[in-house]
Number of protein chains: 2
Amino acid sequence: MHRTHVKVLEDVLDANGTLARANRADFDRHGVTVVNLMSAPGAGKTTLLERSLRDLDGVRVGVLEGDVQTALDAERIALLDVPVTLINTDPSFGGECHLDANMVRSALPEVPLDELDLLLIENVGNLVCPAEFAVGEDFRVMVSSVTEGEDKPIKYPLMFRTCDLVIVNKIDLLPHLDFKLDRFMRNLDAVHDHVPRLLLSAKTGEGVEEWRRWLVEAATRQPQPV
Amino acid sequence: MHRTHVKVLEDVLDANGTLARANRADFDRHGVTVVNLMSAPGAGKTTLLERSLRDLDGVRVGVLEGDVQTALDAERIALLDVPVTLINTDPSFGGECHLDANMVRSALPEVPLDELDLLLIENVGNLVCPAEFAVGEDFRVMVSSVTEGEDKPIKYPLMFRTCDLVIVNKIDLLPHLDFKLDRFMRNLDAVHDHVPRLLLSAKTGEGVEEWRRWLVEAATRQPQPV
C-alpha cells in the first residue's frame, strides 16, 4: 500500500517537473525572472508585496496570485497598478493546498510576459506541499513570521531547505513575543546552512528596502541554467 | 484530465471515510471522546495543550501528535505526564500535510484507549487538507491566531465551516496588531454562522479556563451517532 502511494507521488512529481521546465523555458524566452513566494497562512506575503512593488527602479513587475478561494489578495495587488492574474485552486471540495506547474501553465496565457521583467508568484499559504512542486521559478523565497515560533525550520525542513532566501517578517512584534531570534537562526542553519536571510516588518517598512534591492537584482540577473 | 483527478480524490476520501468510521467505533467502544485539533503552523496548538491538560477535573487525557518531522511537540506534551503517541507523516520527500484516518488507525495500538476519557489529536499545521480528512473524531476544533489576519475564514472556508469550535488565540497581541476582531467575526459568520468561539491567550492564560471547561464537558458528553 505504501509503495504504491510513493510510486504515484513520484509520477506526479515527474510530470510536474516536465511542466515546470516548459514554464521556465517560456519565462526565459521572454526574459522574465520568476520568484515563487511561499509561507504559512497569514505570514504576510501580500502585505509585503503591497509594501515593495511600487516604483521598483524601472523593473516591470507582475503578480500571479494563488489562493484556495477568493480574489482578496489579487484585489489588494491590483490596487498597485500591477498586472495580476489569479489562480483559485478550488475546483471542488477543500481545494488544492499548493500551486503546481500545470496550474501555473494554464494561467500563462493571461500573464503579459512580454511586458514584464519580474513575475512574483504568491503561492497558497502552506508550509508543506508548495515546497514539493516546482512551477518553473528562478528563485524560491519564503516568508516566516516571528509569531510562528522558532521551531518551524526543523518542523517543516523541505520548505526551508529548498528556498533561496528566507524573509523573517513581523519583527516589529519581537518585543511582545517569547521568540528567540538566535534560536530560530540556529534551527534555520541546521536545515539550510548559510541560506540568505532578511529581517523586516512589512507593516512598519523596516528592512523592506533591502528586499526591494534583492528583487531588482534578481530581475536584472542573467538567466541561470535550469 | 480534471475529471480523472476528481475521481481519484473521491475514492481516497471514500476509503478515508470508511477507516474514520472504524476508528470512531473503536473510540466509542472504549468510551473515549476524540477532538481533532487543527490550525495553521505556529497558531499555538501545542502551547494551548501545555496550558490546559493538567488536572482536568478527573478526566483522563491522552494526546496523539501529528507532525511532518521531529518529536518536538510530543516531547513538550510528554512533560505534562500525559500519554502521548507520535505520528510523523514524512515517509519520503516533503511528507504528508495532514493526518488521515489510516495514519491514526496505524497508531491506535500505541494509544492506551482503555485508560483514557479524552484523546486530543494535534493535526499537522495546515489550513487546507486536514479539514478534508476525517480521522474518527467526535469534535473538530480549530485554532486561529489573531496574527494571521481577519480574512482567513473566507480564504480557507472548509476548515472554518467544518469545525465545532473556533479558538481565537494570541489575544494578548491585539494591542500591537491592526487585526479587527469584529471583522474576523463577520468573516467567520459568513462561512459558519453561530459556530461557538472562544477568545484566549495560551501564553498569558486568559480565557483558557473556559476551554478547559469545554474539554471536560466534551469528555463527559454521551457519544453522538456517527
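Below, chains carry the letters A, B, ... as their sequence lines are ordered, and counting in each starts from 1. These numbers were taken from a predicted model, which means no experiment stands behind them.
No other option in Asp151(A), Asn126(A), Asp172(A) has as many heavy-atom pairs under 4.5 Å with chain B as Asn126(A). Chain B forms the most heavy-atom pairs under 4.5 Å with one residue out of Pro175(A), Gly44(A), Ala43(A), Cys97(A), and that residue is Cys97(A). The most heavy-atom pairs under 4.5 Å with chain A, out of Thr47(B), Val124(B), Asp73(B), come from Asp73(B).
For a residue to count as touching a neighbouring chain, one of its non-hydrogen atoms must lie under 4.5 Å from one of that chain's; by this rule Asn88(B) does not touch chain A. Contacts of Leu173(B) with chain A are made by side-chain atoms alone, with heavy-atom separations under 4.5 Å and no backbone atom involved. Proximity to chain A involves both the backbone and the side chain of Pro41(B), based on heavy atoms less than 4.5 angstrom apart.
Within 6.0 Å of CG in Asp81(B) there are 12 or fewer heavy atoms belonging to other residues, nucleotides or ligands. Atom CG of Asp182(A) has more than 12 heavy atoms from other residues, nucleotides or ligands within 6.0 Å.
The minimum heavy-atom distance between Val128(B) and Gly95(A), with the atom names listed, is CG1-O, 3.5 Å. Closest approach of Pro157(B) and Gln69(A) over heavy atoms only: CG-OE1, 3.3 Å.
With rounding to the nearest 0.5 Å, the separation of NE2 in His176(B) from NZ in Lys170(A) is 14.0 Å. The OG1 atom of Thr70(B) sits 9.0 Å away from atom OH of Tyr156(A), with the distance rounded to the nearest 0.5 Å. Distance check: Lys155(B) NZ to Leu72(A) CG gives 7.0 Å after rounding to the nearest 0.5 Å.
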